[in-house]
There are 2 protein chains.
Amino acid sequence: MSQQRHGSTSGNGARAGAVSAFPDLPEATIARLPEYLRALHNLGEGGADTISSEGLAAAAGVNSAKLRKDLSHLGSYGTRGVGYDVALLIEQIEYVLGLDQRRAVCLVGVGNLGHALAGYDGFASRGFKIVALLDADPAKVGERIHGLIVRHIDELPAVAVEETIAIGVIATPAGAAQAVADELVTAGVTSILNFAPCVLSVPANVDVRKVDLAIELQILSFHEHRKASLTALPGGRSATGAGNQEAVGS
Amino acid sequence: MSQQRHGSTSGNGARAGAVSAFPDLPEATIARLPEYLRALHNLGEGGADTISSEGLAAAAGVNSAKLRKDLSHLGSYGTRGVGYDVALLIEQIEYVLGLDQRRAVCLVGVGNLGHALAGYDGFASRGFKIVALLDADPAKVGERIHGLIVRHIDELPAVAVEETIAIGVIATPAGAAQAVADELVTAGVTSILNFAPCVLSVPANVDVRKVDLAIELQILSFHEHRKASLTALPGGRSATGAGNQEAVGS
DNA sequence: AGGCGCTTGTGAACGCGTGCACAAATCGCG
DNA sequence: CGCGATTTGTGCACGCGTTCACAAGCGCCT
């Protein structure tokens with residue numbers, strides 16, 4: 001877990017001008033904010049003006065008390081007896097997540113997965129812009145993918161100069177991932193999204209999030225296994241259990 | 001490497017024959033087991049025969065005490081003063097995760113992402129087999145992708161009869177996801193991996209895991225935002241912080 | 001203006017997960 | 001055969017996150 005430092009705690013609701021002192025939000029809250037944001041966008045397009053915590057919680061798939069506590073961490077943006085102003089809340093969450101500025105993303109590894117990521121419109125529509133595709137394979141360099149030309153990984157420093165890269169995405173095989181991570185760090189990238197199935201070692205100020213598709217399946221496999229053994233058991237219960245919607249996040 | 005049924009070791013915990021009563025493992029532990037498994041495979045290929053909790057913890061990127069506690073939940077498979085037998089531990093974890101049987105996966109939505117998932121070898125190499133590709137778009141039906149022919153979503157019931165589908169993967173746009181989920185449930189699928197950015201509503205006995213790539217980026221964006229405001233602050237420190245490797249998992 | 005119903009914001013309790021620190025156990029060696 | 005080195009397994013305490021339950025606040029209707 002990244003640990004935050006930041007002394008300050010000056011005023012509180014501050015958030016004046018450009019620089020903002022963050023109330024230290026719990027990690028769990030941060031991981032849920034994007035989900036709230038997505039739900040709010042949906043509701044907004046549906047014409048809703050305000051939304052109650054109950055309604056938003058249902059749309060985001062969480063407990064309403066949890067949602068209220070999460071939102072209370074970023075200040076009081078609700079009205080008792082009425083609910084939350086959808087537009088205002090969207091603005092708030094986007095500000096906290098730093099989405100008011102479109103962040104440049106650099107994607108390394110244009111294989112099977114990287115190719116798909118390069119064309120994923122969810123990135124563009126939610127605050128990000130892929131500014132470079134890189135690969136070590138000379139056969140891939142020069143290829144045009146969704147409007148971008150694949151460049152060689154050695155050009156990373158040059159790319160970093162052209163544009164301030166906020167986030168690097170690693171979609172290479174596991175064997176190449178650590179080397180790529182090192183180069184990204186050298187180029188000044190401080191946030192990495194890693195799709196390679198391996199552990200990355202990075203300096204303390206660099207944040208790494210890992211997504212491993214096979215792991216997700218294996219977790220599901222466990223639950224399948226467990227359910228199968230339960231139904232086969234004497235007291236086996238087949239259709240019980242509490243909530244089961246598990247979402248990714250740390 | 002297919003593995004056969006475990007050679008019994010009838011010595012201690014039940015786990016006899018076909019049906020097994022599970023010690024109820026903490027969810028957090030389950031989410032880490034696949035990571036341990038991956039690290040063990042790496043170590044095994046490296047020729048290691050036994051591994052200490054310290055070594056394995058380093059390879060998996062976790063605390064060694066945590067790892068020992070996790071493993072202790074599945075029984076005592078380590079030897080004090082020596083460490084864990086790599087092969088035995090692999091067998092154990094694969095058994096608990098239900099990977100001793102290759103599970104059939106059905107992938108719905110052969111768009112950008114689905115196309116990549118269909119060709120992702122991490123699935124095949126880690127205990128899963130994609131047995132069907134489905135899509136609602138007639139233009140895509142019949143297309144051959146990585147050796148599989150895309151079939152129409154309406155054929156899902158037929159596919160379910162041909163092969164027992166353990167896990168369904170949804171890689172459709174958000175608007176179609178709920179309908180697909182309903183059809184999967186009707187077809188008897190009890191585990192779903194959802195890549196669509198929306199909340200799915202399913203019966204209580206169905207497990208859903210969600211992977212949202214944009215959310216991962218947004219979480220990183222927050223940390224970027226926070227780091228930026230910290231360095232701009234008077235007492236801002238730039239290169240501090242402890243571990244920061246966050247992994248996906250619920 | 002006053003009361004009523006609704007919704008937010010939060011205090012407090014609970015449970016889970018984590019990490020420390022140490023006892024128990026095993027191996028190797030003299 | 002006994003001792004020390006090493007490593008597992010775990011009791012315990014702490015902190016975080018979740019949930020309940022309720023007081024405080026707001027708007028609307030009469």
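These figures come from a predicted structure and were not determined experimentally. Chain identifiers are assigned alphabetically (A, B, ...) following the order of the sequence lines, protein sequences preceding nucleic acid strands; residue numbering begins at 1 within each chain.
By the side chain to side chain donor-acceptor pair (under 3.5 Å) test, B/His73 pairs with no residue at all, sequence neighbours left out. A search for side-chain contact (heavy atoms from CB on, under 4.5 Å) contacts involving A/Gln101 returns A/Arg103, not counting sequence neighbours. When the side chain to side chain donor-acceptor pair (under 3.5 Å) test is applied to A/Arg32, the partners found at least two apart in sequence or on another chain are A/Tyr36, A/Asp70. With sequence neighbours excluded, no residue forms a side chain to side chain donor-acceptor pair (under 3.5 Å) with A/Asn42. With sequence neighbours excluded, no residue satisfies salt bridge (charged side-chain N to carboxylate O under 4.0 Å, His left out) with A/Arg68. Under the rule for a salt bridge (charged side-chain N to carboxylate O under 4.0 Å, His left out), the partners of A/Arg126 that lie at least two apart in sequence or sit in another chain are B/Asp212. Applying the side chain to side chain donor-acceptor pair (under 3.5 Å) criterion to A/Thr190, with sequence neighbours excluded, gives B/Glu224. B/Tyr84 meets the ring-ring contact (aromatic ring centres under 6.0 Å, His included) test with no other residue; sequence neighbours excluded. With sequence neighbours left out, B/Arg38 forms a salt bridge (charged side-chain N to carboxylate O under 4.0 Å, His left out) with B/Glu35.
Paired runs in DNA chain C that reach 3 or more consecutive Watson-Crick or G-U pairs, where each pair keeps both distances under 3.5 Å, cover C:1-30 with D:1-30.
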If you restrict it to nitrogen or oxygen atoms, what contacts under 3.5 Å exist between nucleotides 8-11 of chain D and the protein, and what is each distance?
{"from": "D/dT8", "atom 1": "OP1", "to": "B/Ser53", "atom 2": "N", "distance (Å)": "2.5"}
{"from": "D/dT8", "atom 1": "OP2", "to": "B/Ser53", "atom 2": "OG", "distance (Å)": "2.6"}
{"from": "D/dT8", "atom 1": "O2", "to": "B/Arg80", "atom 2": "NE", "distance (Å)": "3.0"}
{"from": "D/dT8", "atom 1": "O2", "to": "B/Arg80", "atom 2": "NH2", "distance (Å)": "3.2"}
{"from": "D/dG9", "atom 1": "OP1", "to": "B/Gly78", "atom 2": "N", "distance (Å)": "3.3"}
{"from": "D/dG9", "atom 1": "OP2", "to": "B/Tyr84", "atom 2": "OH", "distance (Å)": "2.6"}
{"from": "D/dG9", "atom 1": "O4'", "to": "B/Arg80", "atom 2": "NH2", "distance (Å)": "3.3"}
{"from": "D/dG9", "atom 1": "N7", "to": "B/Arg68", "atom 2": "NE", "distance (Å)": "2.9"}
{"from": "D/dG9", "atom 1": "O6", "to": "B/Arg68", "atom 2": "NH2", "distance (Å)": "3.2"}
{"from": "D/dG11", "atom 1": "O6", "to": "B/Lys69", "atom 2": "NZ", "distance (Å)": "3.1"}

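Between D/dC20 and A/Asn63, a contact under 4.0 Å exists linking OP1 or OP2 to a side-chain N or O.
The nucleotide range of DNA chain C contacted by chain B, defined by atoms under 4.0 angstrom from heavy atoms of the protein and reported 5' to 3', is C/dG17 to C/dC27.
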